Protein chains: 2
Amino acid sequence: MSLEHAILGFLDRGPMTGYDLKTRCFDRDASHFWTADQAQVYRTLDRLVTRRLVTSRLVPQRGKPDRRVYSVTDNGRSELRAWVAQPLQPAPLRDGDLFRLYFGATLDDAALETRLSEARRGLQERLDGVRARSSALRITTREKALARMTLDAAAASLRAEIDWIDDCIERVREGLPAPEEVS
Amino acid sequence: MSLEHAILGFLDRGPMTGYDLKTRCFDRDASHFWTADQAQVYRTLDRLVTRRLVTSRLVPQRGKPDRRVYSVTDNGRSELRAWVAQPLQPAPLRDGDLFRLYFGATLDDAALETRLSEARRGLQERLDGVRARSSALRITTREKALARMTLDAAAASLRAEIDWIDDCIERVREGLPAPEEVS
DNA sequence: GATTTTTATAGGCTTTGTCCTATACTTGTC
DNA sequence: GACAAGTATAGGACAAAGCCTATAAAAATC
């Protein structure tokens with residue numbers, strides 16, 4: 001399971017709270033390839049404590065809620081190292097949006113083109129954001145070099161989708177077979 | 001939910017059993033961008049019947065198990081048409097594999113390159129398969145033009161990932177910052 | 001001849017993930 | 001001064017998906 005190991009990986013940088021993991025790690029550092037629900041972060045932390053891969057201690061605060069700070073144990077660290085060394089297993093594509101296109105034969109050319117252009121806009125915005133983050137990243141450490149790679153993976157994926165959309169739009173303009181007559 | 005609408009879309013081609021949907025539609029036609037669990041296909045069919053979007057009738061067979069043949073209702077058809085006309089909403093990237101890379105700073109250059117090359121091989125095989133299916137497809141109908149587009153979406157995505165891996169391998173060869181000394 | 005695969009449906013269990021709510025005090029904004 | 005946003009944790013409910021099992025007879029393979 002990715003989330004467990006992701007949390008181990010982030011905690012390996014240093015002790016942190018669930019809140020830090022959610023807001024600083026997932027919503028910032030890894031947001032270009034993963035999202036984690038807040039409730040699930042806490043649930044997963046609980047499980048990691050049960051399995052003795054992380055420990056927690058309560059840090060009282062005045063004014064603000066108490067913080068529960070989590071740290072990786074030696075067990076957790078070796079689990080992480082072992083997981084990291086395993087082969088990459090690229091997941092098959094899974095894109096429900098493509099069903100909309102796949103079954104879109106009842107749409108006319110104009111509607112198809114509109115759908116595609118709309119999608120293109122959103123993707124371009126995301127791509128701009130990811131590219132900005134990638135070029136802003138100074139590669140001073142091995143970690144940052146790898147972080148840049150993940151940003152470029154996201155950029156490559158977005159770029160490919162945009163190019164594909166452009167290709168689809170062109171094909172629509174060049175003319176698709178007309179919808180079949182349905183009595 | 002994609003699966004419901006996917007099933008409506010496939011049944012719109014003509015009445016079918018859950019078995020047909022699983023083996024012919026999902027495992028064949030749409031396998032390059034979606035997989036559906038067999039049990040979930042049947043569960044979803046049940047739900048669609050409850051919502052009166054599809055109907056079923058039992059067709060007895062000798063020797064083989066009885067077939068339950070499902071058809072779209074008018075309700076189902078208009079639900080499908082409405083769904084198809086909605087804007088595409090490209091999902092954000094979600095790739096747990098990237099965590100393995102992201103936290104892979106403890107791996108040395110050779111190990112990193114091995115991980116990347118392994119992954120490349122599998123992706124290339126998939127790409128070959130998808131490309132073969134795409135070029136084998138004669139575009140005689142609007143449906144087939146759209147099917148080709150989804151195959152090309154998969155091809156574009158695989159291509160992008162392979163190119164990205166090549167880029168990563170190059171960067172590793174050109175030299176990454178060394179791992180930090182840990183006492 | 002024995003085993004595996006194909007055809008066909010369906011229930012159970014579990015994991016993963018999403019959304020909503022509650023609590024509570026501080027800080028920042030209009 | 002009121003209201004929203006930030007800090008911080010956690011439970012409940014539920015949807016989506018994956019894996020395993022059962023049934024049962026024909027057909028195909030070893």
Side-chain angles (χ1 to χ4, degrees), chain A residues 1-7 10-11 15-28 30-31 33-51 54 56-70 89 91-97 99, chain B residues 1-8 10-11 15-28 30-31 33-51 54-70 89 91-97 99:
Chain A
M1 222 263 308
S2 295
L3 188 61
E4 282 182 11
H5 293 102
I7 289 178
F10 284 125
L11 288 180
M16 253 182 285
T17 64
Y19 187 78
D20 294 333
L21 281 165
K22 168 65 177 160
T23 56
R24 273 195 256 295
C25 299
F26 289 104
D27 289 352
R28 257 211 254 305
S31 62
F33 67 93
W34 195 264
T35 57
D37 182 73
Q38 170 262 119
Q40 211 195 343
V41 169
Y42 285 106
R43 272 194 285 261
T44 306
L45 282 167
D46 280 348
R47 210 187 320 143
L48 289 170
V49 169
T50 309
R51 296 198 199 160
V54 313
S56 80
R57 71 204 153 79
L58 204 66
V59 179
Q61 296 195 119
R62 320 156 243 182
K64 295 177 185 177
D66 293 348
R67 294 160 57 87
R68 182 166 291 278
V69 178
Y70 294 88
Q89 296 158 6
L93 183 60
R94 186 173 188 81
D95 185 349
D97 243 23
F99 274 127
Chain B
M1 223 262 306
S2 296
L3 188 61
E4 281 182 13
H5 294 102
I7 288 178
L8 288 177
F10 284 126
L11 288 181
M16 254 183 283
T17 64
Y19 186 78
D20 293 333
L21 281 164
K22 168 66 176 159
T23 57
R24 272 195 256 296
C25 300
F26 288 104
D27 288 354
R28 258 212 253 303
S31 62
F33 68 92
W34 196 264
T35 57
D37 182 72
Q38 171 263 116
Q40 213 196 339
V41 169
Y42 286 105
R43 273 193 289 262
T44 307
L45 281 167
D46 280 349
R47 210 187 319 143
L48 289 170
V49 170
T50 309
R51 296 198 199 161
V54 313
T55 53
S56 80
R57 73 204 152 81
L58 204 65
V59 178
Q61 294 194 121
R62 320 156 244 183
K64 296 176 183 176
D66 293 347
R67 294 159 57 86
R68 182 168 290 278
V69 178
Y70 294 87
Q89 294 159 7
L93 182 61
R94 186 173 189 82
D95 185 348
D97 243 23
F99 274 126

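Each chain gets a letter, A, B and so on, in the order its sequence line appears, and its residues count up from 1. Every value quoted in this text rests on a predicted model; they were computed, and no experiment measured them.
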Nearest-Å distance, [atom1] ([X]) to [atom2] ([N])?
X       : N      : atom1 : atom2 : value
A:Gln61 : C:dC25 : CD    : P     : 14 Å
B:Phe26 : D:dA17 : CZ    : P     : 10 Å
A:Ile7  : C:dG17 : CD1   : P     : 10 Å
A:Met16 : D:dT9  : CE    : P     : 12 Å
A:Met1  : C:dT16 : CE    : C1'   : 8 Å
B:Leu21 : C:dA8  : CG    : P     : 12 Å
B:Arg24 : C:dT6  : CZ    : C1'   : 12 Å
B:Gln40 : C:dG12 : CD    : P     : 16 Å

Between [X] and [N], is there a side-chain N or O to OP1/OP2 distance below 4.0 Å?
X       : N      : answer
B:Tyr42 : C:dA10 : no
A:Arg94 : D:dA17 : yes
B:Thr17 : C:dT7  : no
B:Tyr19 : C:dT7  : yes

How is [X] classified with respect to the nucleic acid when contacts are heavy atoms under 4.0 Å: base, sugar-phosphate, or nothing?
X       : result
A:Arg68 : sugar-phosphate
A:Ala36 : nothing
A:Gln38 : base

**Request:** First locate atom CZ of A:Phe33, then atom CG of B:Leu93, and finally report the distance between them rounded to the nearest 0.5 Å.
**Result:** 8.5 Å
**Message:** By nearest atom, which of the nucleotides C:dC13, C:dT18, D:dA10 is closest to the B:Arg43 side chain?
**Reply:** C:dC13
**Request:** Return the nearest nucleotide to the side chain of B:Ala39; candidates are C:dT18, C:dT16, D:dC19.
**Result:** D:dC19
**Message:** Has B:Lys22 got a side-chain atom pairing as donor or acceptor with B:Ala36's backbone, closer than 3.5 angstrom?
**Reply:** yes
